[in-house]
Amino acid sequence: YMQKARRGQGQFRMLLLDAYGATCPVFGIKTADLLIASHIKPWNVCTNQERLDPTNGILLSVLIDRLFDRGLITFSDCGTIVPSPCLSSNAREKCHLAQAARLELSPESSRYMGYHRTCVCKSNEASIN
């Protein structure tokens, strides 16, 4: 089947694969098919420049990308995972979030992450198991 790609997304992915050594910095996964070039500040609220800015990206494994994209986790300025209060302790345990490595965030990435913590991460919804 044909997958519709956003303009510039292939270049963005290649930049992140290079920047992260083709490895998820959270769990060390190196299988390219399991790695997603994730935008920190979501694509739909970015300027064209922000959409292709590699400091607005993290190379994440599929599970971590899904949690991050849905606002069920975010990262602190020091790079540790911050689970949303909506994510139950059972789900946190099953996702092995306590074993996650700390991200190294550049000052530019930290600015985008601040947006993610404030505008994307869920804080007041019912618990998700």
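Since we're looking at a predicted model, the values are computed, not measured. In this chain, residues are counted from 1 in sequence order.
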Are [Y] and [X] linked, directly or through intermediate hydrophobic residues, by side-chain heavy-atom contacts shorter than 4.5 Å (ILVMFWY only)?
| X | Y | answer |
| --- | --- | --- |
| F27 | L60 | yes |
| L72 | V62 | yes |
| L34 | L17 | yes |

Nearest heavy-atom pair of [X] and [Y]: which atoms, and what distance?
| X | Y | result |
| --- | --- | --- |
| S110 | L105 | OG-CB, 3.6 Å |
| R70 | K122 | O-CE, 2.8 Å |
| I58 | L16 | N-CD1, 3.8 Å |
| S123 | P85 | O-CG, 3.8 Å |
| V26 | A100 | CG1-CB, 3.5 Å |
| G57 | Y20 | O-OH, 3.6 Å |

Would a distance-only check, ignoring hydrogens and angles, find a side-chain to backbone donor-acceptor pair under 3.5 Å from [X] to [Y]?
| X | Y | answer |
| --- | --- | --- |
| R51 | W43 | yes |
| N56 | K41 | yes |
| R13 | L35 | yes |
| T118 | G114 | yes |
| R92 | S84 | yes |
| T55 | D53 | no |

Next on the checklist: Are more than 12 heavy atoms, taken from residues, nucleotides or ligands other than Q99, located less than 6.0 Å from that residue's CD atom?
Outcome noted: yes
Item to check | ring-ring contact (aromatic ring centres under 6.0 Å, His included) between H116 and F75, worked out | outcome: CA-CA 9 Å; H116 188 273; F75 293 88; 7.9 Å; no
If you define the side chain from C-beta out and look only at heavy atoms, does anything of [X] sit under 4.5 Å from [Y]?
| X | Y | value |
| --- | --- | --- |
| T74 | V120 | no |
| L97 | L87 | yes |
| R117 | D77 | yes |

Please round to the nearest 0.5 Å and tell me the distance separating atom [atom1] of [X] and atom [atom2] of [Y].
| X | Y | atom1 | atom2 | value |
| --- | --- | --- | --- | --- |
| L59 | L15 | CG | CG | 11.5 Å |
| S76 | L103 | OG | CG | 8.5 Å |
| T47 | L52 | OG1 | CG | 9.0 Å |
| T23 | K30 | OG1 | NZ | 3.5 Å |

Item to check | Residues N90 and S88: side-chain donor-acceptor under 3.5 angstrom | outcome: no
Next on the checklist: Would you say E108 and S106 are linked by a side-chain donor-acceptor pair, where the criterion is simply a distance under 3.5 Å?
Outcome noted: yes
